[in-house]
Amino acid sequence: MKTTGNTILITGGGSGIGRGLAEAFQAKGNQVIIAGRRKQLLDETVAANSGMKAAVLDIGNGGRHPDFRGKTEERLPGPQCGHP
């Protein structure tokens, strides 16, 4: 498994274990996108980790996230989601 140079999406990345994973993956040279419900926590995490990106996502509201992947891919350069 390749552990560097990936684009990684971590839900719940604004705090706790999710934030810890996001920071660890970024330290290994990956592009990290964190997602979660609380914009303030996402913003704080991104501010503390230069280059990290964030997107608000509430998976409890099923009608609001069908376009999440497309919108996230539009914001990032290069291959995404396992596509060359």
Salt bridge (charged side-chain N to carboxylate O under 4.0 Å, His left out) partners of residues 31-42, not counting sequence neighbours, each pair once:
Lys39-Asp43
Do Phe25 and Leu42 share a hydrophobic cluster (ILVMFWY, side-chain heavy atoms under 4.5 Å, transitive)?
yes
Heavy-atom closest pair (Gly14 atom, Thr45 atom, distance to 0.1 Å) is O-OG1, 3.0 Å
Asn30 side-chain N/O to Thr7 backbone N/O, donor-acceptor pair under 3.5 Å
no
Shared hydrophobic cluster for Val56 and Leu41 (ILVMFWY, side-chain gaps under 4.5 Å)
no
Heavy atoms only: give me the nearest Thr4-Lys28 pair and the separation to one decimal.
CG2-O, 2.7 Å
Please tell me if the side chains of Ile8 and Ile33 come closer than 4.5 Å, counting only heavy atoms from C-beta onward.
no
Write out all pairs satisfying salt bridge (charged side-chain N to carboxylate O under 4.0 Å, His left out) with one or both partners inside residues 8-26, taking only residues at least two apart or from two chains.
Arg19-Glu23
Are Val32 and Ile17 grouped together when hydrophobic residues (ILVMFWY) are joined by side-chain heavy atoms under 4.5 angstrom apart?
yes
Can you tell if the side chain of Lys53 reaches within under 4.5 Å of the side chain of Gln31, non-hydrogen atoms only?
yes
Joint cluster assignment, Val46 & Ile10, ILVMFWY side-chain distance < 4.5 Å:
yes
